[in-house]
Structures are given as structure tokens and as C-alpha cells.
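Structure first, commentary second.
Just so it is clear: chains get the letters A, B, ... in the order the sequence lines come, proteins before strands, and each one is counted from 1. Every heavy atom of this structure was used, including side-chain atoms; hydrogens, water molecules and symmetry mates were not. In this text, all values refer to a predicted model and were calculated from it rather than measured experimentally.
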Number of protein chains: 2
Amino acid sequence: MTTAEPAPIELPEEPTQARRFGKARTAQSAALLEDYAELIADLLATGGEARPTDIARRLGVSHATAIKAIARLKREGLATARPYRGVFLTEAGEHLAGRVRLRHRLVVDLLLAVGVPREAAEQDAEGIEHHVSDATLAAFSRFLAGR
Amino acid sequence: MTTAEPAPIELPEEPTQARRFGKARTAQSAALLEDYAELIADLLATGGEARPTDIARRLGVSHATAIKAIARLKREGLATARPYRGVFLTEAGEHLAGRVRLRHRLVVDLLLAVGVPREAAEQDAEGIEHHVSDATLAAFSRFLAGR
DNA sequence: ATGAAAATGTAGCCTTGGCTACACTTGGTT
DNA sequence: AACCAAGTGTAGCCAAGGCTACATTTTCAT
């Protein structure tokens with residue numbers, strides 16, 4: 001048994017399907033941060049300030065939950081906040097929010113374009129957008145442009 | 001202050017946006033069960049049996065995680081399983097799997113139809129499908145039929 | 001200026017969905 | 001028949017994202 005090993009190496013072979021599911025799971029983890037970033041940007045742009053309570057109300061969660069999420073945003077370098085002083089986005093946070101907003105618009109527009117009623121489009125986009133890859137987004141954009 | 005109350009009742013007014021986010025969050029909880037049900041149906045149909053290890057491998061999680069999820073499926077009345085004996089779907093489970101499979105196909109087809117490359121379509125559909133409402137699904141179906 | 005209401009923050013608990021480590025069946029070879 | 005590998009199951013841990021309850025700080029009207 002020196003050289004004649006049948007080499008049962010069975011290379012890693014992460015099944016494609018497993019990779020897909022794994023990615024979908026990961027995407028879901030980023031989703032929350034994206035929602036918060038987008039909302040904060042929106043509040044900052046329109047109302048001038050983003051307070052935990054407003055964020056919580058808009059998202060339909062308790063203020064405690066919102067504060068925890070904000071802490072996570074800070075940990076990830078997406079936002080800054082001083083006690084009792086409102087939340088702000090860092091450069092990175094702004095960037096993220098911008099991309100998210102664009103993506104959201106594109107998803108809604110595509111849904112509308114294929115005939116989804118407005119209400120459903122707005123509703124479903126909220127969940128769908130977090131799973132749309134760049135390639136898909138590009139395709140959406142192309143489709144909307146050329147018709 | 002008997003009749004002249006200015007009625008500051010401020011009816012619940014759950015903000016639309018909050019409702020949307022809430023729904024997206026809830027959908028996510030059902031997603032896992034859907035994936036498992038679909039996969040189990042697939043394994044049962046093709047291989048003849050659905051073992052926890054196979055399920056785990058296909059989903060890219062540890063077998064322990066799969067077993068926990070199977071326990072949840074049982075709790076929800078979607079599957080049955082006796083120790084060391086493989087997993088089976090109940091009537092309800094079959095039903096769910098069927099709907100999920102149909103929806104999955106429809107989502108992939110729509111993505112392809114608007115020009116998303118196959119690989120991205122398969123990938124993104126895995127995440128998107130769980131957030132597609134019936135209304136949207138119907139629209140997809142209509143769109144695919146009439147073109 | 002002060003006192004109450006609103007906003008904020010903290011603590012502790014729950015469930016989900018992951019994981020690793022360890023124990024126990026099963027079943028196929030030898 | 002007995003052994004061992006593969007498959008199963010159990011226990012215990014972790015982080016995320018919810019919640020409620022309680023404490024603290026701001027703010028704003030009087």
C-alpha cells in the first residue's frame with residue numbers, strides 16, 4: 001500500500017445547492033443592517049434627525065430592540081451615536097444606504113413592470129431586495145431600460 | 001368634559017411601513033420549514049428515503065442542525081419520523097412542498113425571462129421565493145404566459 | 001425653575017438556527 | 001458473532017433579534 005492508493009480523496013465538493021442555501025442564509029443576516037441604514041438615511045434626509053424611538057416605530061419593533069440594532073450598526077462601523085443624541089451614519093453607512101435605496105427602487109419598478117399590483121410590489125420588495133445579487137440587479141436595470 | 005372631547009383617539013394606525021417590515025420578518029421564519037419540506041419531498045421522490053444526514057449535506061448544515069429542524073417540522077405537523085428511521089412528510093407537508101416547488105420554478109422562470117443569467121437566477125431564487133406573495137406569484141404567472 | 005412626560009438606555013429573558021462534542025444504534029463485513 | 005464505520009440522537013454553547021420591566025436623562029410647559 002505504498003503507491004496503489006485508490007485516492008478516495010473525494011475533493012471537498014461543496015454541493016452547489018448547499019452553497020446556495022448558505023448564501024441565502026447569510027444574506028438574511030445582512031438584511032437587518034440594511035433596513036436600519038436605509039431608514040436612518042431617510043429620517044436624516046427628511047426629518048433632520050434619526051431618533052431610536054422613530055426608528056423603532058417605523059420598523060414596528062420596541063425601542064429596546066432598535067437600540068440593540070443600532071449598537072450593532074456601530075460595531076460594524078456603519079453608524080455613530082452618542083447617548084441621547086440621535087444616530088448618524090458613517091461614510092460606509094451612507095454608502096450602504098445609497099446602494100440599498102437604489103436596489104429597493106429597482107426591485108419595486110421591476111415588479112410593477114411585470115404586472116405586480118403596487119401594494120404587493122411594495123410589500124414583497126421589502127423581503128425580496130435583500131436577496132437580489134448584483135448580476136440580477138443589472139438584469140433588472142437592463143430590462144427596465146429596454147422596453 | 002362630557003361631550004366636547006376632541007377625540008384624540010389616535011386610532012392604532014400601525015404604520016404601513018412597520019407592517020411591511022413585520023411581514024418580511026415573519027416570512028423569514030417560515031422559510032426554513034419550506035426549504036426542508038421541499039428538500040425532503042425531493043429526496044423521497046428521487047432517492048426513496050430522506051435521512052437527516054442527506055438533508056444536512058444538501059442544505060450545508062451539520063446533521064445536528066438538521067435534526068433540530070426536523071423536530072420543528074414534526075412539531076408543526078409537517079413531517080413524521082421515528083428514531084433511526086428516516087423522515088416522511090405528512091399530508092400537510094406534501095402540500096407545502098408542492099406549493100413551494102411550484103413557486104420556486106415560477107420565480108426562476110421569471111428571473112430568466114427578464115434576462116437574469118441562469119446561475120444568478122438559481123442562486124437568488126433561493127432567497128427571493130420566500131418573500132413572494134400570492135398576488136405577485138399570480139402576476140409572474142400572467143407575465144410568463146403572455147409574451 | 002421645576003416637575004411631569006417622553007425619550008433613552010440597561011438588564012434579563014425567550015426562541016431560532018447554527019455549531020461541536022459526545023453517546024448510542026444499526027447494519028454490513030469479515 | 002463480533003467489530004467497526006456510518007448514521008442518529010442529545011447536550012450544551014453561541015449570536016441574533018424580539019420582548020418587558022425598570023432606571024435614567026432630556027425636554028418642555030407651566
Any non-hydrogen side-chain atom of A/Val61 less than 4.5 Å from a side-chain atom of B/Phe21? no

A side-chain contact here means heavy atoms from C-beta on lying under 4.5 Å apart; do B/Thr65 and B/Leu59 qualify?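 SC-SC contact between B/Thr65 and B/Leu59 ruled out.
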
Take a 6.0 Å sphere around NZ of B/Lys23 and say whether it holds more than 12 heavy atoms from other residues, nucleotides or ligands. no

Nucleic acid footprint by protein, nucleotides 8-14 of chain D - heavy-atom cut-off 4.0 Å, B for base, S for sugar-phosphate alone: BBB-B--

Nearest whole angstrom, please: distance from the [atom2] of [N] to the [atom1] of [X].
X: A/Arg57; N: C/dA6; atom1: CZ; atom2: C1'; answer: 10 Å
X: A/His130; N: D/dA16; atom1: NE2; atom2: C1'; answer: 15 Å
X: A/Phe21; N: C/dG18; atom1: CZ; atom2: C1'; answer: 16 Å
X: B/Glu49; N: C/dG27; atom1: CD; atom2: P; answer: 11 Å

Please collect all salt bridge (Lys or Arg N to Asp or Glu O under 4.0 Å) contacts where either partner lies in residues 29-41 of chain B, sequence neighbours excluded, each pair once.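 Non-adjacent pairs meeting salt bridge (Lys or Arg N to Asp or Glu O under 4.0 Å): B/Glu34-B/Arg103.
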
Is there a side-chain contact between B/Ser62 and the phosphate of C/dG18, meaning an N or O under 4.0 Å from OP1 or OP2? no

Short question: side chain of A/Ser141, backbone of A/Leu137 - any donor-acceptor pair under 3.5 Å?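 No.
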
With sequence neighbours left out, write down each residue that passes salt bridge (charged side-chain N to carboxylate O under 4.0 Å, His left out) with B/Arg101, or none if nothing qualifies. none

Can you tell me which residue pairs pass the side chain to side chain donor-acceptor pair (under 3.5 Å) test with a partner in residues 104-124 of chain A, sequence neighbours excluded? A/His104-A/Glu129, A/Asp124-B/Ser133, A/Asp124-B/Thr136

Please list all pairs meeting ring pair (Phe, Tyr, Trp, His ring centres under 6.0 Å) that have one or both residues in residues 123-147 of chain A, counting only residues at least two apart or in different chains. A/His131-B/His131

Members of residues 28-44 of chain B that approach DNA chain C, where some heavy atom sits under 4.0 Å away: B/Ser29, B/Leu32

